[in-house]
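Take a look at this one; I'll ask things after.
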Amino acid sequence: MRTIAESIYNRGMRVNTLMNNTEIAELLRAVAAAYELHNADKNKFKIIAYERAADAVEHASSELKDLWDEGKLEDVPGIGKSIAAHLAELFSTGKSKHFEQVMQGLPKQMFDLMIVPGIGVKTAYKLVNKFKSTFKKGEAIKVLEYLAKKGEISKLEGFGEESELDILRSIKEVKGRTVRHLLPYANEIADRVIEWMKKNKNVINIDPLGSLRRKASTVGDVDISVGTAKPKDVIDHFVNFPTKQRILEKGNHTASLILPGNIQVDLMVQNTESYGSLLQHFTGSKHHNIALREYARSLNPSLSLSEYGIKVIKGKRQEMKEFSDEKSFYNFLGMEWIPPELREDGGEIEAAMLHKVPNLIEISDVRGDLQIHSDFDIETSHDLGLSSMNDIVDKANQLGYQYIAFTEHNPSHSRHSENQIIDILKRKRETVDKVNRSLSSRKSLRKVYNSLEIDILPDGNLPVPDKGLETLDFALVSIHTSFRLDKKIMTTRVLSALANPKVKIFAHPTARKINGRESIELDWVKIFDYCKNNNKWLEVNADPMRLDLPDFLVREAVKNKVKITFGTDAHHIDHMTNMRYAVFVARRGWAEKKDSINTRGLSDFEKLLK
DNA sequence: GCCGTTTTCGGCCCGACTGTTTTCAGTCG
């Protein structure tokens, strides 16, 4: 695996001009770390600036290299004249004199040590410097583990036996650390902890917070808040959670546990009078809170926001305003309540000040599911669904849908002649017609569509002959092979597939798999433009491993007036309830009911299909 | 080094917890 030090210092055969945003962010953080070591006081705000720039790069929706090509580096908030110039030098010549100068003399191994929880800039620097020659011999974390086991760390000034043990424990956790958890998995852990906490009668309010409450696609730590009159009692109960592996920390207001699978659960406790402030504070995001505090200070320099409430300084007197709910907290600052999904410092504070927070789409707005795979044997080379069309119809009625689409993968191209493909599709048409005739007028489902999820071949063609396409009501297209084509070629590939008149939906458009496969490279400006002008739609796929389009592209799509559709990609009726995850993504992308296609009733949807 | 609904100068978010200390530094969220 690539280490951080490698990505900052020697990128092997690659040149710096190919650095991606993650690597640039790591580099900017390393520069901040360097300033932290030299004259931290003097460079206090420079450090903050570099860290902010790193955050901004990490969250940027385009590659910085591309922005540089277009002369738009300084459009990224947090990147000003100076950093932009250094980055420009980096992109054009392969290095930045300034960054190199600032980082001169820093042992590169320290950056790898900083992955270990509890080890920050200063500790890492101190350790590598004390044991210079040993660190040169091997991988930084392994060396540290070896030194700690030998008892060398505790001998150092400022360290002790406890911190040495801590280092060993943390290294063990880094090694066992899995990637970030998928939202449904984190939800399940939270539910179990909440169930345990409710056994304690002093727990008055309880909620999952952090990225879990903001419905981010992946969750790091599971955060939970409790409102109570007896914080000590609640914390004691929490650290007795039956399957805990160890107690990470335990204080008067917070405690953290490690559960099996190396999942960290943090608990925050507050009295019920201030519970609203606690909710607000620990829902985050960090960037939202920072921006909110800065905004509060700009209103009135004597305002200070924290998990306890809003501190107002009047002369020599300090008053703490308490908020039992979030709405009154935001209202106090002269703004509307902001849905958690929007709290990423992406313009939501400005919108709330103007009382223009979007009326976000709700799960109850969805009228149909536009990607479902039945067990109709379509002789596909991909995965066939497991549930029958009739069972899917029953489930759709249960969910109150008016319409659904059967979207099995196309019959395999290599194993069939064109005529065989046409025959299979005709048979499916007849089967779907039969299902339509069998629908009960006493239930919600009015229509099932005969659709198909068709591979986009590398050259942009579709592996289904026109006569086969004629049997369909409409088609989805998606990419399942050749993921690594050049951006231009990939864009042409997708656009030529979308050009087919039967094709309405571009399904799971980035083809990413969370924790598994990177997104394909596409020229989104061109894709959005084409979709808007030709009545083509982009899917938000509800599969928790996909969640594709991702939230930031939903936001761009919506801004560009491109319509989105929701599909669960269900291969079993149980997957049909995943729809909520697609809606979460859309909400995080600022989408309203009007931005989606399958929030329309059946007759409106029919018109849009024409 | 960045940024602007009082500003192109003068500001820059807030607090908890731990370990090694004896009043605090470092780290984290």
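Nothing here was measured: the structure is a model prediction, and the numbers come from that model. Throughout, a chain's letter reflects where its sequence line sits, starting with A, and its residues are numbered from 1.
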Legend entry - Ionic contact status for A:Glu162 with A:Arg169, cut-off 4.0 Å: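 Answer for the salt bridge query: yes.
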Inset, instruction - Using only side-chain N and O atoms of A:Ser306, determine if any of them is under 4.0 Å from OP1 or OP2 of B:dC14. - result: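 Result: no.
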Inset, instruction - Could you check whether A:Ser304 gets within reach of a base, just the sugar-phosphate, or nothing at all, counting any heavy atom under 4.0 Å? - result: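 Sugar-phosphate, backbone atoms only, no base.
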Inset, instruction - Consider the side chain of A:Ile83, meaning its heavy atoms from C-beta on, and name the nucleotide among B:dC17, B:dC2, B:dC14 that approaches it most closely. - result: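 The listed nucleotide nearest to A:Ile83's side chain is B:dC2.
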Legend entry - Comparing A:Tyr35 and A:Gln264 on DNA chain B - which has the more 5′ nearest nucleotide: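 Nearest-nucleotide comparison on DNA chain B picks A:Tyr35.
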Legend entry - Sub-4.0 Å heavy-atom contacts from residues 325-348 of chain A onto DNA chain B, ordered by number: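 DNA chain B contact set from residues 325-348 of chain A: none.
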Inset, instruction - For the pair A:Arg214 and A:Glu348, find out whether any cationic side-chain nitrogen is under 4.0 Å from an anionic carboxylate oxygen. - result: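 Salt bridge flag = no for A:Glu348 with A:Arg214.
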Inset, instruction - Between B:dT6 and B:dG11, how far apart are the P atoms? Round to whole Å, please. - result: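 Roughly 16 Å separates the two P atoms.
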Legend entry - Sugar-phosphate only, base, or nothing, as touched by A:Lys311 at under 4.0 Å among non-hydrogen atoms: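 Result for A:Lys311 = sugar-phosphate.
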Inset, instruction - Would you kindly give the NE2-to-C1' distance between A:His287 and B:dC14, to the nearest whole Å? - result: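 Whole-Å distance recorded here is 15 Å.
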Legend entry - Between B:dC17 and B:dT22 - P atom distance, rounded Å: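 Here B:dT22 and B:dC17 have their P atoms 23 Å from each other.
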Inset, instruction - Answer with base, sugar-phosphate or nothing: what part of the nucleic acid does A:Asn289 contact at a heavy-atom distance below 4.0 Å? - result: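 Answer is nothing: A:Asn289 stays at 4.0 Å or more from every strand.
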Inset, instruction - For B:dA16 versus B:dC12, give the span between their C1' atoms, rounded off to a whole number of Å. - result: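 Roughly 22 Å separates the two C1' atoms.
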Legend entry - Donor + acceptor pair across side chains of A:Asp548, A:Thr510 (<3.5 Å):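 A:Thr510 and A:Asp548 do have a side-chain donor-acceptor pair below 3.5 Å.
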Legend entry - Centroid under 5.5 Å and tilt under 30°, A:Phe45 to B:dC12: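 Stack criterion met.
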Legend entry - Rounded distance (Å) that lies between atom P of B:dG15 and atom NZ of A:Lys286: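 For the pair A:Lys286 NZ and B:dG15 P, the rounded distance is 17 Å.
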Legend entry - Heavy-atom pair with the smallest gap, counting every atom of A:Leu333 and A:Tyr295: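 Looking at all heavy atoms of both residues, the closest pair is O-OH, 3.6 Å.
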Legend entry - Nearest-nucleotide pick for A:His86, side chain only, options being B:dG15, B:dG1, B:dC17: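 Looking only at heavy atoms from C-beta outward on A:His86, the closest nucleotide is B:dG1.
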Inset, instruction - Test side-chain hydrogen bond (donor to acceptor under 3.5 Å, both in side chains) on A:Asn262 and A:Gln245 and set out the steps. - result: CA-CA 9 Å; A:Asn262 261 311; A:Gln245 273 184 341; 5.8 Å; no
Legend entry - A:Asp595 side chain to A:Glu592 backbone, donor-acceptor under 3.5 Å: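 Confirmed, A:Asp595 side chain pairs with A:Glu592 backbone.
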Legend entry - B:dT27 versus B:dT21 - spacing of their P atoms, nearest Å: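 Straight-line distance between the two P atoms is 16 Å.
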Legend entry - Between C1' of B:dG1 and CG of A:Leu73, the distance in whole Å: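 To the nearest whole Å, that distance equals 15 Å.
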Inset, instruction - Calculate the interatomic distance between A:Gln280 atom CD and B:dC14 atom P; express it in whole Å. - result: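 Going from CD in A:Gln280 over to P in B:dC14 covers 13 Å.
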Legend entry - Base paired to B:dA25 (Watson-Crick or G-U; both N/O distances under 3.5 angstrom):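 Base-paired to B:dT18.
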Inset, instruction - Looking only at non-hydrogen atoms, find the nearest pair between A:Ala25 and A:Val57 and report the distance. - result: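 Closest approach of A:Ala25 to A:Val57: N-CG1, 4.1 Å.
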Inset, instruction - Give A:Leu305 one of three labels, base, sugar-phosphate or nothing, depending on what nucleic acid heavy atoms sit under 4.0 Å from its own. - result: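 Result for A:Leu305 = sugar-phosphate.
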Inset, instruction - Would you tell me if any nitrogen or oxygen in the side chain of A:Tyr308 comes within less than 4.0 Å of OP1 or OP2 on B:dA16? - result: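 The answer is yes; a side-chain N or O of A:Tyr308 sits under 4.0 Å from OP1 or OP2.
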Legend entry - Contact pattern, 5' to 3', of nucleotides 3-10 of chain B - B, S or - by protein heavy atom under 4.0 Å: S--B----
Legend entry - Any side-chain donor near an acceptor of the partner, A:Ser154 and A:Glu161, under 3.5 Å: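 No, because no side-chain N or O of A:Ser154 sits under 3.5 Å from a partner of the opposite role on A:Glu161.
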Legend entry - Spacing of the C1' atoms in B:dT20 and B:dA25 (rounded, Å):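 The same atom, C1', in both gives a distance of 9 Å.
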Legend entry - Distance between C1' atoms of B:dT7 and B:dC2 (Å, rounded):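 Per the computed distance, 14 Å lies between those C1' atoms.
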Inset, instruction - Looking only at non-hydrogen atoms, find the nearest pair between A:Ile194 and A:Pro208 and report the distance. - result: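 Closest pair (atom of A:Ile194, atom of A:Pro208, distance): CD1-CD, 3.9 Å.
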Legend entry - Euclidean distance for P, B:dC28 against B:dT23 (whole angstrom):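 About 25 Å, rounded to a whole number of Å.
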Inset, instruction - Round to the nearest Å and state the distance from A:Ile47 atom CD1 to B:dC12 atom P. - result: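 In whole Å, B:dC12 P lies 16 Å from A:Ile47 CD1.
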Legend entry - A:Arg52 side-chain N/O to B:dC12 phosphate OP1/OP2 under 4.0 Å: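 The answer is no; no side-chain N or O of A:Arg52 sits under 4.0 Å from OP1 or OP2.
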Inset, instruction - Would you sort out whether A:Ile83 and A:Val31 count as a side-chain contact (heavy atoms from CB on, under 4.5 Å), showing the intermediate values? - result: CA-CA 11 Å; A:Ile83 294 182; A:Val31 175; over 6 Å; no
Inset, instruction - Go through the steps for A:Met197 and A:His237 under the test side-chain contact (heavy atoms from CB on, under 4.5 Å), then give the verdict. - result: CA-CA 7 Å; A:Met197 292 308 293; A:His237 179 72; 3.8 Å; yes
Legend entry - A:Lys130, NZ atom: more than 12 neighbouring heavy atoms under 6.0 Å: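 Open: at most 12 neighbouring heavy atoms sit under 6.0 Å from NZ of A:Lys130.
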Inset, instruction - Could you check which of B:dA16, B:dG1, B:dC12 has an atom nearest any side-chain atom of A:Glu307? - result: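 Of the candidates, B:dA16 comes closest.
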Inset, instruction - Starting at the 5' end of nucleotides 18-28 of chain B, put B wherever the base has a protein heavy atom under 4.0 Å, S where only the sugar-phosphate does, and a dash everywhere else. - result: SSSS----SSS
Inset, instruction - Could you pull out the closest heavy-atom pair between A:Arg588 and A:Lys215, with the gap in Å? - result: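 Nearest pair, atom of A:Arg588 first, then A:Lys215: CD-O, 3.1 Å.
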Legend entry - Side chain of A:Glu294 (C-beta onward), nearest among B:dG29, B:dG1, B:dC12: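 Per side-chain heavy atoms of A:Glu294, the pick is B:dC12.
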Inset, instruction - Indicate the atoms forming the closest heavy-atom contact of A:Leu278 with A:Ser225, along with that distance. - result: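 Result for this residue pair: CD2-CB, 3.7 Å.
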Inset, instruction - Round to a whole Å and report the spacing from CG of A:Asp55 to C1' of B:dG1. - result: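 After rounding, the reported distance stands at 15 Å.
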Inset, instruction - To the nearest Å, give me how far apart OH (A:Tyr295) and C1' (B:dC12) are. - result: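 Taking atom C1' of B:dC12 as the reference, OH of A:Tyr295 is at 18 Å.
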Inset, instruction - Using whole Å, report how far CE of A:Met268 lies from P of B:dA16. - result: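 From A:Met268 CE to B:dA16 P: 12 Å.
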Legend entry - Distance, P atom - from B:dC14 to B:dC9, rounded to whole angstrom: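 Approximately 26 Å lies between the P atom of B:dC9 and that of B:dC14.
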Inset, instruction - Check every strand shown and say whether A:Asn43 touches a base, only sugar-phosphate, or nothing at a heavy-atom separation below 4.0 Å. - result: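 Nothing, no nucleic acid heavy atom in range.
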